[in-house]
Amino acid sequence: MLPEFCNDGNLPSGEYSVSFNTLAERFGGPSPIRRRLTRALENLLPVLKGMALEIYIFGSYITRKPAPSDLDIFVILHEDWYHRDPTKASLLLDIRGNVSQHKLELWFAPEDDDRLLEHRFRTCAFNPDDPSKPKGYIRLEVYDDQE
Amino acid sequence: MIKNDNQLAQAHNRIEELERTIQDLYSRYAPAEARVYASGLEQEVNKKRRQIREYNELRDSSPEEFVSRISSEPIRIERLGKLLAKLRIASGLTQAQLAERLGWHQANLSRFESESYTSQTLYKIVEYVSSLDISLYVLPALTEEIRELYRDAETEHERLEATYEVNTHGIERNWYEAGIDINLEEPQTVTSGREEPSTASKSYESAVALA
C-alpha cells in the first residue's frame with residue numbers, strides 16, 4: 001500500500017515495497033507519457049529479473065507530476081550473474097542505451113560495493129536539488145517470494 | 001533548477017562528490033565495468049553543470065533579456081513555477097527579498113516556485129509577477145504553423161505583425177489548438193493621465209504546450 005503524496009509532491013520519506021501491478025495502478029496514468037513509461041518498464045522487467053538482486057524506482061515518475069520526463073531505475077546486480085565479466089559490462093551499457101530511447105534511465109551497482117550502494121541510495125532517498133529534503137522511493141517486488 | 005545561492009553551493013558540492021565517486025570507480029574497476037557504474041553519475045554531473053550555468057546566466061541578465069530569450073521557446077504549464085523563479089532571479093531578487101516585497105513567508109514563496117506544488121492560485125501568480133513589473137497573459141495555444149511565424153520573426157516589428165495575423169485570422173485558419181500560451185509583456189509607460197499603449201513597449205509571445 002502506497003501512502004499519499006506530501007505537499008511537495010513526493011512520497012513521504014522511506015522505502016516502499018510494491019508489486020509492478022501496484023506501481024502501475026498508482027503511477028501508470030492517466031497521461032500518455034505515464035502510460036508509455038509504464039509499458040516500457042513492463043517490457044524491460046523480464047530482462048532485469050535475470051540479473052538483478054533488487055530493483056528500485058525513484059525520481060519524478062513516483063511523484064505527483066502529471067507528465068514526468070523519465071523513469072529512473074536503480075538495479076543492484078546479482079554477483080552470480082555478473083562475475084566481473086567484461087562482456088557483461090558492454091551488455092549493460094547496450095541495455096542502458098536502448099532503454100534511454102524510451103525515457104528509462106538505468107543505474108547499476110554490484111551487490112558487494114557498499115560505497116556505491118550507499119551513494120545510490122542517497123540519490124533515491126533525497127531531493128537531488130536539495131539533499132536536506134528526504135523523499136520516498138520504491139522497491140519493486142519482482143520475484144515470487146517477494147510478492 | 002537552481003533557485004537560490006544555497007542550492008548553488010549544494011550543486012557545487014554535489015559535483016565534487018560525484019566526481020570523487022567517479023574517480024573512485026575508475027580506480028577500483030576495469031574501465032569497461034567502471035563505465036557501467038559511472039555513466040549515470042557522469043550524466044548527473046553534466047546536468048548540475050548546466051543548472052549552474054543557467055543560474056549564473058539568469059543572475060547576469062535583466063528581466064527584459066530573459067523575457068526576450070524565452071519569447072520563442074514553448075513553456076509547459078506545469079513548469080510555471082520554474083518560469084516564475086527564473087523571472088525573479090533575472091530581476092536580481094533573492095527569495096527572501098521577493099517574499100518581503102510580497103509580504104509572504106519565504107518558505108511559502110519557495111514552495112510556490114516548486115514545480116510539484118499544485119496549490120498556486122491565479123491571484124497569487126498575478127501578485128507574484130506584478131511585483132516584478134511583469135504581466136502574464138494566457139491565450140489559446142497555437143499550432144506549429146503559427147509558432148513558426150513567431151520563431152521566424154526577428155524584429156519587434158515582425159513580432160507585432162505576427163501577433164496581428166494571429167489576432168485577425170487565427171480562428172478562421174484554425175491556428176489555435178488545445179492548450180494555452182503565456183504572453184509576457186513589460187509594463188507600459190503611462191505618460192499622461194490617459195493610459196496609452198506605449199510604442200516603446202515590447203510584447204512577447206511564448207507558446208505553452210499542454211502535454
Side-chain angles (χ1 to χ4, degrees), chain A residues 5-11 31-34 36 59-60 63-70 72-77 82-97 100 105-110 112-113 115-120 122-123 126-133 135, chain B residues 1-4 6-15 17-45 47-48 51-52 55 76-79 81-82 85 107-108 110-119 209-211:
Chain A
F5 295 116
C6 300
N7 276 345
D8 65 3
N10 289 307
L11 287 172
S31 65
I33 177 73
R34 280 195 171 276
R36 282 197 296 275
S60 59
T63 67
R64 192 164 41 198
K65 272 188 190 175
S69 52
D70 55 20
D72 290 296
I73 308 157
F74 171 37
V75 178
I76 301 182
L77 296 168
Y82 200 64
H83 287 307
R84 304 285 180 267
D85 177 351
T87 60
K88 296 274 176 68
S90 60
L91 172 67
L92 292 175
L93 283 173
D94 282 350
I95 294 171
R96 193 173 193 280
S100 69
E105 291 296 333
L106 270 173
W107 311 73
F108 295 107
D112 57 354
D113 189 334
R115 261 188 284 178
L116 185 57
L117 289 176
E118 200 235 324
H119 184 272
R120 291 304 332 146
R122 259 188 295 132
T123 305
F126 290 92
N127 185 331
D129 292 328
D130 187 350
S132 66
K133 289 182 184 162
K135 60 191 172 81
Chain B
M1 181 195 166
I2 296 171
K3 292 175 185 161
N4 54 49
N6 187 30
Q7 287 180 0
L8 179 68
Q10 283 169 352
H12 281 295
N13 291 341
R14 179 71 177 165
I15 287 176
E17 183 203 346
L18 286 164
E19 284 179 338
R20 269 199 308 273
T21 308
I22 291 166
Q23 216 172 0
D24 177 51
L25 286 170
Y26 277 97
S27 70
R28 291 190 291 126
Y29 293 102
E33 192 174 359
R35 265 179 61 214
V36 173
Y37 307 139
S39 52
L41 308 181
E42 285 159 353
Q43 202 174 302
E44 196 182 334
V45 169
K47 189 179 168 190
K48 286 280 168 212
Q51 288 178 345
I52 290 171
Y55 182 72
R76 283 156 63 140
I77 190 70
E78 63 264 35
R79 296 194 181 145
K82 273 189 184 174
N108 289 344
S110 175
R111 266 205 305 276
F112 195 77
E113 290 178 351
S114 161
E115 200 179 340
S116 41
Y117 186 57
T118 54
S119 302
L210 286 181

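By convention in this document, chain letters (A, B, ...) are assigned in the order of the sequence lines, proteins followed by strands, and residues within each chain are numbered from 1. Everything numeric in this text was worked out from a predicted model, so none of it was measured.
A:Ala89 and B:Ala32 make their closest contact through CB-O, 3.7 Å (heavy atoms, listed as atom of the first residue, atom of the second, distance). Across every non-hydrogen atom of A:Leu93 and B:Ser39, the tightest pair is CD2-OG, 4.3 Å. Contact between A:Arg96 and B:Gly40 at its shortest, heavy atoms only, is NH2-CA, 3.3 Å. The two residues B:Tyr29 and A:Pro110 make their nearest non-hydrogen contact at OH-CG, 3.5 Å. Scanning all heavy atoms of the two residues, the minimum distance from A:Phe108 to B:Val36 falls at CD1-CG1, 3.7 Å.
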- request: Quick one: do A:Leu92 and B:Arg35 satisfy side-chain contact (heavy atoms from CB on, under 4.5 Å)? Show the steps, please.
  value: CA-CA 10 Å; A:Leu92 292 175; B:Arg35 265 179 61 214; over 6 Å; no
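At a 4.5 Å heavy-atom cutoff, A:Leu106 makes no contact with chain B through either its backbone or its side chain. For chain A, the nearby part of B:Lys48 is the side chain; its heavy atoms alone come within less than 4.5 Å.
Residues from residues 19-28 of chain B that place a non-hydrogen atom less than 4.5 Å from a non-hydrogen atom of chain A comprise B:Thr21, B:Asp24, B:Leu25, B:Arg28, given in numerical order.
The residue among B:Glu17, B:Lys47, B:Glu44, B:Met1 with the most heavy atom pairs within less than 4.5 Å of chain A is B:Glu17.
No side-chain N or O of A:Asp113 forms a donor-acceptor pair with one of B:Tyr37 less than 3.5 Å apart.
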